[in-house]
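Quick one: the structure is below, questions incoming.
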Amino acid sequence: MRWQSDAAWKVNLGAGFATVPKFDYSSDNELVFLPMVDIEWRNFVFASTQRGVGVKLVNNGRSEAGVRLTYDFGREPTDDDLLAGTDKVDATQQIGAYWMTYVGPWRWSADFKYATSSYESFLGTLGLA
């Protein structure tokens with residue numbers, strides 16, 4: 001948990017373990033180490049192992065939106081039985097935009113990314129929590 005502060009620089013460090021899908025939508029999980037580094041400057045520019053590297057273009061307390069660079073580690077056809085016979089997906093950088101807002105107890109979010117090399121495609125997600 002990060003302490004509330006008005007300092008120009010905010011740094012949050014941590015680590016943990018999690019059981020996660022081997023790749024997006026995989027039916028098989030794996031145990032992974034999760035380093036957490038989250039750095040923000042003036043609540044505008046960020047660099048994070050969770051969020052990528054980017055800038056917040058909207059940040060009014062209830063809503064946040066911006067652009068960022070992220071990284072996709074790729075996958076092998078042998079990562080899951082469902083991938084048998086498919087092509088290898090190489091690791092690639094992604095550029096995208098994100099949005100998140102709080103309405104009462106609900107958090108709505110959207111994320112849109114474009115893989116700039118390897119498979120060169122778009123990925124969009126919508127969330128409600």
Side-chain angles (χ1 to χ4, degrees):
M1 176 186 290
R2 180 173 28 198
W3 296 103
Q4 295 299 318
S5 169
D6 291 332
W9 287 95
K10 295 177 183 171
V11 178
N12 193 17
L13 304 173
F17 291 91
T19 302
V20 299
K22 287 186 175 183
F23 59 92
D24 283 344
Y25 313 111
S26 172
S27 59
D28 291 329
N29 291 332
E30 63 184 346
L31 181 67
V32 296
F33 173 69
L34 297 173
M36 213 274 277
V37 176
D38 195 86
I39 302 169
E40 281 190 16
W41 178 71
R42 299 197 182 274
N43 212 15
F44 175 64
V45 177
F46 59 86
S48 169
T49 54
Q50 304 294 311
R51 300 181 292 163
V53 176
V55 294
K56 297 178 186 180
L57 303 175
V58 173
N59 189 18
N60 62 19
R62 281 189 44 186
S63 297
E64 182 179 311
V67 294
R68 63 183 171 184
L69 295 171
T70 55
Y71 191 76
D72 180 350
F73 288 94
R75 64 169 172 73
E76 299 284 338
T78 56
D79 284 347
D80 191 279
D81 292 340
L82 294 173
L83 298 175
T86 63
D87 293 333
K88 174 184 176 184
V89 175
D90 293 324
T92 185
Q93 61 277 1
Q94 301 168 319
I95 187 167
Y98 72 96
W99 164 81
M100 177 179 58
T101 192
Y102 291 88
V103 179
W106 301 99
R107 181 182 69 210
W108 296 84
S109 62
D111 190 30
F112 185 73
K113 300 176 191 174
Y114 174 72
T116 60
S117 65
S118 182
Y119 52 91
E120 295 182 2
S121 66
F122 294 96
L123 172 66
T125 58
L126 296 174
L128 174 62

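By convention here, the first residue in the shown sequence is residue 1.
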Heavy atoms of A97 and D111 approach each other most closely as O-OD1, 3.2 Å

L13 with W9, same ILVMFWY side-chain cluster at under 4.5 Å: yes

(message) Main chain of S117, side chain of T92: is a donor-acceptor contact present, judged purely on distance under 3.5 Å?
(response) yes

Whether Y114 and F122 hold their rings parallel, tilted or perpendicular, with breakpoints at 30° and 60°
tilted

V67 and F46 have their tightest heavy-atom pair at O-CZ, 4.4 Å

Closest heavy-atom pair, S48 versus D38, reported as atoms and distance to 0.1 Å, is OG-OD1, 2.8 Å

Run the side-chain contact (heavy atoms from CB on, under 4.5 Å) check on L34 and V32 step by step: do they pass? CA-CA 6 Å; L34 297 173; V32 296; 3.9 Å; yes

R51 and T70 have their tightest heavy-atom pair at O-CG2, 3.8 Å

Nearest heavy-atom contact between M36 and T49 is CA-OG1, 3.4 Å

Is it true that V11 and V45 fall in one hydrophobic cluster, defined by side-chain heavy atoms closer than 4.5 Å? yes

Q | Whether T116 side chain and Q93 backbone form a donor-acceptor pair below 3.5 Å | A | yes

Pair F44-N59, side-chain contact (heavy atoms from CB on, under 4.5 Å): steps then yes or no: CA-CA 8 Å; F44 175 64; N59 189 18; over 6 Å; no

So W99 and F112, side-chain contact (heavy atoms from CB on, under 4.5 Å) or not? Walk me through it. CA-CA 9 Å; W99 164 81; F112 185 73; over 6 Å; no

Quiz item: Same cluster for I95 and L57 if Ile/Leu/Val/Met/Phe/Trp/Tyr side chains link at under 4.5 Å?
Solution: no

- Message: A quick test of your reading: do over 12 heavy atoms of other residues, nucleotides or ligands sit less than 6.0 Å from CZ of F73?
- Response: no

To the nearest 0.5 Å, atom NZ of K10 lies from atom CD1 of I39 at 13.5 Å

query = Are L69 and L123 connected in a single hydrophobic cluster, I mean Ile/Leu/Val/Met/Phe/Trp/Tyr linked by side-chain heavy atoms less than 4.5 Å apart?
reply = no

For this session: Evaluate the side-chain proximity of R75 to T86: yes if any heavy-atom separation is below 4.5 Å, no if none is.
Result: yes

Separation between OG (S63) and NZ (K56), nearest 0.5 Å, reads 12.0 Å

Of all heavy-atom pairs linking E76 and L83, the shortest is O-CD1, 3.6 Å

Practice prompt. Would you check, one step at a time, whether the test side-chain contact (heavy atoms from CB on, under 4.5 Å) holds for K88 with Y119?
Written response: CA-CA 10 Å; K88 174 184 176 184; Y119 52 91; over 6 Å; no

